[in-house]
Engineer: 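Please see the structure below; I have some questions.
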Amino acid sequence: MKYLLRISLLSFVLMLGAACSGDRPSTVGTDAQVEARVNKLLSKMTLSEKIGQMNQISAGGAVTDYAEAVRSGQVGSILNEVDPVKLNALQRMAVEESRLGIPLLVGRDVIHGFHTVFPIPLGLAATFDPALVEEGARVAAVEATALGVRWTFSPMLDIARDPRWGRIAEGNGEDPYLDARMAEAMVYGYQGRQADSTSMAACVKHFVGYGAAEGGRDYNSTYLTERQLRNVYLPPFEAAVKAGAMTLMTSFNDNDGVPSTGNSFVVKDVLRGEWGFDGFVVTDWNSMGEMINHGFGVDRKDVAEKAVNAGVDMDMMTYGFLSHLEELVRSGAVKEKTIDNAVRNILRVKVLLGLFENPYVDVAAGKAVQYAPEHLEAARKTAEESAILLKNNGVLPLKEGVRILVTGPMADAPYDQLGTWSFDGEKSHTITPLKALEARFPGKVDYVPGLRYSREKRNGFADVAAAARRADVVLAFLGEEAILSGEAHSLADLNLQGSQSELLAALKATGKPVVATVIAGRPLTIERDLPNVEALLYSFHPGTMGGPALANILFGDVNPSGKTPITFLRTVGQAPMYYSHNMTGRPYNGETLIDNIPLEAAQTSLGNTSYYLDYGASPLFPFGYGLSYTSFSYSEVGLDKSSYKADDTLKVTFTLTNTGSCDGTEVAQIYIRDMVGSITRPVKELKAFERVSLKSGESRTLTVEIPVEELAFVGLDGVKKVEPGDFQVWVAGDSASGVPVLFNVF
Ligand code: BGC
């Protein structure tokens, strides 16, 4: 076993080694011992008990409501119950009162923290700091497992390139490389580098393509080719599986006509066949039943057959397996071997989590670890690293002693600040920006909200303007309520909602400097608001400790270092737009825009390139963008060689200098373009990044190693490999900067 020791920020001593498909923790025995235990149990089970393990129900009512089903072995897992007293009672029924004593696996959507809420996943991705994200996931696992939750439906790895899609908030953005690094971090964090009683099984979701819903409308169809799947959408899932993710969830969408829950190509061939996944596959909530709505099956029996034969192991809330599998096995439509394999996959996870040894929790001790000071500290640090400075005319950082007016609907919105899909965080524990500023400057903060919530419409802001005139600087906290992003919360208009833009315009008219902090679940189209502010800080819903984190940045205790994990559009009509698009035959060259077209222009093509007449081809802010209170310069970008073999490693060297007047951290990004391929290739792709902290004036020369095999892709012949030829590499602070260096692979 190859264990690497490291000590994290929270002083957890963690061990490297994947809990499921990698090295086994010694407590549960070797792979062979685990399999022997699983098989022994399986050999004692009736068909009905086996099918019971494949059934997940939503609890949350009185324990007695589920008693009969649990005692008779009809339930393998429950979700939506987090009361540890009830969970202990339910576990007791399963362990002490059912025939075989198999513990329940308790699942929950612990998406960005349990009680201590961290920034939404899009905000986590903005940190470009996998180690910190791992620590956050560990905190979530420590809190959730202490109260009996041993399985989280996270991380969500859906690549999302259309901000109209509300669930963009729940994922890591548009880029497969960043997504894959975050995926590994979250899997390690939830499961622990070595399984123990704080290990919470990860569930990577939604498999696959869910984020590519047509028009950004949730649940809509996707049309991803196998090559797109393999080159863009599948790699983050593969990274999570390689990191040891114990479970995986199929998605709601149909891809090219095949709903994921009935797609044996992705589940059986790719996930199990190619990647060797030995965890279990659960459906999304009733996604089996929804195959009837899709018109992919006539009734529950039909879709249950299709799902199980496609490789699905557990049914979340359709009751299709429970109601029909026995009959399907008897008729021969489903082989008992298929059921046995599914049950093995489920039992294996239960054994690996140590559930048989430790089914109960100590309720008092569990409650005591919630919101522990070190958890809140980790949440604060993460919210700090995740905030992105998008504009600064020099007004930030603010000086202590200035008279501030705090305004805007997100200044004191303790619930909304927690963001989407946060079930267990309590607003009573949230510290808002207003509360943090009042604590910092007791009695000195003037607060006039202007708008009570983000969608509110109002005519005139005389009260706010009057207060602004009394202040030296206005801090406007704007954005989206939590409910405007997340599942089923797609939007067709991405401007600031309600009268928020009018509020900014009224503030601008006072002549006072306005600093906007946008707190939202997606990249909003804020172009029209930028001229009205001297500075703009963007914070994807930052969680419990968002207030102190943002105050620390605004007043310069912390220098912002977040970078956009997603392209910020100028207008919603540009969606989808992402940096790593393929090179077209007519790349944009900055030609004629709408105002330059002469009257009665000849009917010729204008510019002849790929762009919008009215908005050109550039976004508002590119992927990877973010300012600092200091400035950085890149120089001496070079490679150790100009020509490489496919099994070599590139050594990319560059010098990074902090050219400004304060200390800071830069996320150095390395992008590579494959100039010619058997298929057209992206204009550039992120292949590495590194967070580098430098003192004012300090220079450091860094070398980043990238194995040439990282340049492999699935080309015309369907085989993943590096194709020889010329490549370009950039090292820069965002995806739109830098000067390329050429190299060759032979
Ligand atoms: C969502 C999943 C979630 C599940 C259980 C579904 O509606 O799509 O992401 O894990 O519910 O709450």
Side-chain angles (χ1 to χ4, degrees), residues 55-61 75-82 104-114 120-122 124 137 140-141 144 149-160 165-172 179 183 186-187 190 200-213 216-222 236-237 240 245-255 259-261 263 279-291 293-294 307 312-320 349 419-425 482-483 485-490 521:
N55 183 38
Q56 183 185 48
I57 62 164
S58 180
V75 184
S77 168
I78 62 166
L79 77 162
N80 289 343
E81 177 56 80
V82 286
L104 297 165
L105 182 55
V106 178
R108 181 70 164 172
D109 287 284
V110 182
I111 307 297
H112 47 111
F114 186 57
I120 56 170
L122 197 55
L124 296 177
V149 174
R150 298 298 303 275
W151 183 22
T152 176
F153 305 116
S154 173
M156 184 186 106
L157 304 181
D158 300 307
I159 296 286
W165 191 54
R167 296 197 87 168
I168 203 163
E170 265 186 82
N172 298 309
D179 195 14
M186 288 192 219
V187 169
Y190 291 139
M200 176 164 69
C203 181
V204 293
K205 68 187 190 185
H206 305 84
F207 201 61
V208 58
Y210 182 46
R217 291 181 295 277
D218 206 2
Y219 314 123
N220 234 283
S221 298
T222 63
F237 285 91
M246 288 178 159
T247 76
L248 175 141
M249 184 187 289
T250 57
S251 56
F252 289 125
N253 60 296
D254 65 316
N255 186 42
S260 300
T261 301
N263 190 334
F280 73 81
V281 176
V282 65
T283 70
D284 202 341
W285 183 284
N286 190 34
S287 66
M288 184 192 299
E290 288 176 15
M291 292 204 288
N293 303 350
H294 276 289
V312 169
D313 304 309
M314 187 181 280
D315 168 7
M316 181 193 285
M317 292 306 293
T318 296
Y319 298 106
V349 168
T420 186
W421 226 245
S422 161
F423 292 117
D424 301 295
I483 197 65
S485 59
E487 185 175 350
H489 301 154
S490 297

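First listed ligand is number 1; within each ligand, the first listed atom is number 1.
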Engineer: Between H489 and I483, is there a donor-acceptor pair closer than 3.5 Å when you use the side chain of the first and the backbone of the second?
Structural biologist: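 Answer holds: yes.
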Engineer: Classify the contact between E487 and ligand 1 as side chain, backbone, both or neither, using a heavy-atom distance cut-off of under 4.0 Å.
Structural biologist: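 Looking at E487 and ligand 1, just side chain atoms fall under 4.0 Å.
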Engineer: So, regarding D109 and ligand 1 (criterion: nitrogen or oxygen to nitrogen or oxygen, under 3.5 Å), is there a contact or not?
Structural biologist: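 Indeed, backbone or side chain, D109 has an N or O that close.
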Engineer: Please determine whether side-chain contact (heavy atoms from CB on, under 4.5 Å) holds for the pair N253 and S260, giving the CA-CA distance in whole Å, both sets of side-chain angles, and the decisive distance to 0.1 Å.
Structural biologist: CA-CA 6 Å; N253 60 296; S260 300; 3.9 Å; yes
Engineer: Which ligand 1 atoms does F252 reach within 4.0 Å, using its non-hydrogen atoms?
Structural biologist: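 Once the distances to F252 are compared, the set is 7 (O), 8 (O).
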Engineer: Let me know which of V282, T152, L248, V281 forms a side-chain contact (heavy atoms from CB on, under 4.5 Å) with C203.
Structural biologist: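 Testing each of V282, T152, L248, V281 against C203, the sole residue satisfying side-chain contact (heavy atoms from CB on, under 4.5 Å) is V282.
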Engineer: Ring-plane angle category for F252 and H206, please: parallel below 30°, perpendicular beyond 60°, tilted otherwise.
Structural biologist: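 It falls in the parallel class, under 30°.
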Engineer: Looking at F153, which atoms of ligand 1 are within less than 4.0 Å of one of its heavy atoms?
Structural biologist: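 Listed by number with element: 10 (O).
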Engineer: Between F153 and W285, is the ring centroid distance below 6.0 Å?
Structural biologist: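 Not under 6.0 Å, so no.
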Engineer: Find all atoms of ligand 1 within a distance of less than 4.0 Å from any non-hydrogen atom belonging to K205, and give their numbers and elements.
Structural biologist: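 Listed by number with element, the hits are 2 (C), 3 (C), 9 (O), 10 (O).
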Engineer: Of all the heavy-atom pairs spanning S287 and T318, show the shortest one and how long it is.
Structural biologist: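 Looks like N-OG1, 4.3 Å.
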Engineer: At the 4.0 Å heavy-atom cut-off, does H206 count as touching ligand 1?
Structural biologist: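 Judged by the 4.0 Å heavy-atom criterion, H206 does count as contacting ligand 1.
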Engineer: How far is atom 4 (C) of ligand 1 from its nearest protein heavy atom, and which residue and atom name does that atom have?
Structural biologist: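 Checking every protein heavy atom, the shortest distance to atom 4 (C) of ligand 1 gives D284 OD1, 3.4 Å.
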Engineer: Test your reading of the structure: does E170 have an N or O sitting under 3.5 Å from an N or O of ligand 1?
Structural biologist: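 Looking only at distances, the answer is no, because the N/O contact criterion of under 3.5 Å is not met.
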Engineer: Is there a nitrogen or oxygen of N80 sitting under 3.5 Å from a nitrogen or oxygen of ligand 1?
Structural biologist: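 No; the residue has no nitrogen or oxygen that sits under 3.5 Å from a nitrogen or oxygen of the ligand.
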Engineer: Run the numbers on F114 and F423 for side-chain contact (heavy atoms from CB on, under 4.5 Å), then give the verdict.
Structural biologist: CA-CA 8 Å; F114 186 57; F423 292 117; over 6 Å; no
Engineer: Quick check against the 3.5 Å criterion: does T283 have a side-chain atom that pairs as donor or acceptor with the backbone of M316?
Structural biologist: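 Yes: the side chain of T283 pairs with the backbone of M316.
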Engineer: Considering both backbone and side-chain atoms of R167, is one of its nitrogen or oxygen atoms within less than 3.5 Å of a nitrogen or oxygen in ligand 1?
Structural biologist: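 Yes - when backbone and side-chain N and O of R167 are compared with those of ligand 1, one distance drops under 3.5 Å.
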Engineer: Quick one: does W285 get an N or O within less than 3.5 Å of an N or O on ligand 1?
Structural biologist: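 No, no N or O pair falls under 3.5 Å.
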